[in-house]
Amino acid sequence: MTVRPVITPTLVQRLSPTPRGARLARRLAVAQLDAWGFPHDSETTGAVALVVAELAANAVTHGRVPGRDFELCLSREADGIRIEVSDTRAECHPPGPGHLSPPPALAESGRGLFLVAALAEHWEVVDRDPPGKTVRALVAVPASSGNLRDPAPNIHSGA
């Protein structure tokens with residue numbers, strides 16, 4: 001009997017720390033979820049797209065180091081879709097879960113991590129080596145999504 005290894009399907013992509021790179025991160029996430037069998041109009045795709053958009057925008061806005069890319073990693077796991085966005089700016093950490101302060105009522109920004117907290121089962125900020133940080137979030141997949149396609153295809157593999 002041959003034992004086949006368990007493959008956790010993932011997408012890992014480095015992107016330029018620009019608004020265009022942040023938009024591309026969101027589009028790549030939606031395309032990857034489609035490859036995994038999540039319809040574009042599904043609750044899961046909407047939640048993942050919004051979380052990726054917020055984390056990528058933060059990486060571009062607050063974590064940008066000239067000449068260094070940020071990284072998007074998506075993985076499909078038993079408990080949901082894990083999203084990781086990493087940048088190389090070590091000295092600028094966002095507040096972690098439980099430490100968010102609401103922005104002033106008329107502020108035009110400052111609500112992104114509240115959206116992440118509302119859509120993710122859990123999220124965290126961790127240091128990374130080489131210098132920088134990673135913000136991780138897990139978006140739960142509803143039980144009704146059990147009939148999805150084989151999770152192995154990756155949009156970059158041509159599968």
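Atom CG of Asn58 is separated from atom CG of Leu113 by 5.0 Å, given to the nearest 0.5 angstrom. Between the CD atom of Gln32 and the CZ atom of Arg76 there is a distance of 10.0 Å, given to the nearest 0.5 Å. The distance from atom CZ of Arg128 to atom OG1 of Thr88, rounded to the nearest 0.5 Å, is 7.0 Å. Going from atom CG of Leu33 over to atom CG of Leu74 covers 7.0 Å, rounded to the nearest 0.5 Å. Note that CG of Leu138 and CG of Asp79 are 4.5 Å apart. Values are rounded to the nearest 0.5 Å.
The environment of CZ in Arg20 is sparse: at most 12 heavy-atom neighbours from other residues, nucleotides or ligands sit within 6.0 Å. Residue Arg89 places its CZ atom among more than 12 non-hydrogen atoms of other residues, nucleotides or ligands, all under 6.0 Å distant. Arg64 CZ: more than 12 foreign heavy atoms inside a 6.0 Å radius.
In terms of heavy-atom proximity, Ser75 sits nearest to Thr10 at CB-CG2, 3.4 Å. Smallest separation of non-hydrogen atoms from Val30 and Ala49: CG2-CB, 3.7 Å. The nearest pair of heavy atoms linking Ala25 to Leu72 is O-CD2, 3.5 Å. Shown here for Cys73 and Val12, the closest heavy-atom pair between the two residues is SG-CG2, 3.8 Å. The two residues Thr44 and Ala140 come nearest to each other via the heavy atoms OG1-O, 4.2 Å. Here the closest heavy-atom approach between residue Gly21 and residue Leu15 is recorded as O-CD1, 3.9 Å.
Applying the side-chain hydrogen bond (donor to acceptor under 3.5 Å, both in side chains) rule to Thr45 yields the partners Ser42; only residues at least two apart in sequence or on another chain are considered. In this structure Arg14 satisfies the salt bridge (Lys or Arg N to Asp or Glu O under 4.0 Å) test together with Asp69, sequence neighbours excluded. With sequence neighbours excluded, the residues forming a side chain to side chain contact (heavy atoms under 4.5 Å, CB included) with Ala47 are Leu119, Val139, listed by chain and number. In this structure, Glu71 has no salt bridge (Lys or Arg N to Asp or Glu O under 4.0 Å) partners at least two apart in sequence or on a different chain. Checked against salt bridge (Lys or Arg N to Asp or Glu O under 4.0 Å), Arg82 has the following partners two or more places apart in sequence or in another chain: Glu77.
Applying the side chain to side chain donor-acceptor pair (under 3.5 Å) test to pairs two or more places apart or on separate chains, those with a residue in residues 130-140 are Glu84-Arg136, Ser86-Thr134, Asp87-Lys133, Glu124-Arg136.
No continuous path of ILVMFWY side-chain contacts below 4.5 Å connects Val126 to Val135, so the two sit in separate hydrophobic clusters.
With contacts defined as side-chain heavy-atom distances shorter than 4.5 Å, the pair Pro17/Val65 does not qualify. Proximity of Leu55 to Trp123: side-chain heavy atoms (C-beta onward) are nowhere separated by under 4.5 Å. In this structure, the side chains of Phe38 and Val141 come closer than 4.5 Å at one or more pairs of heavy atoms.
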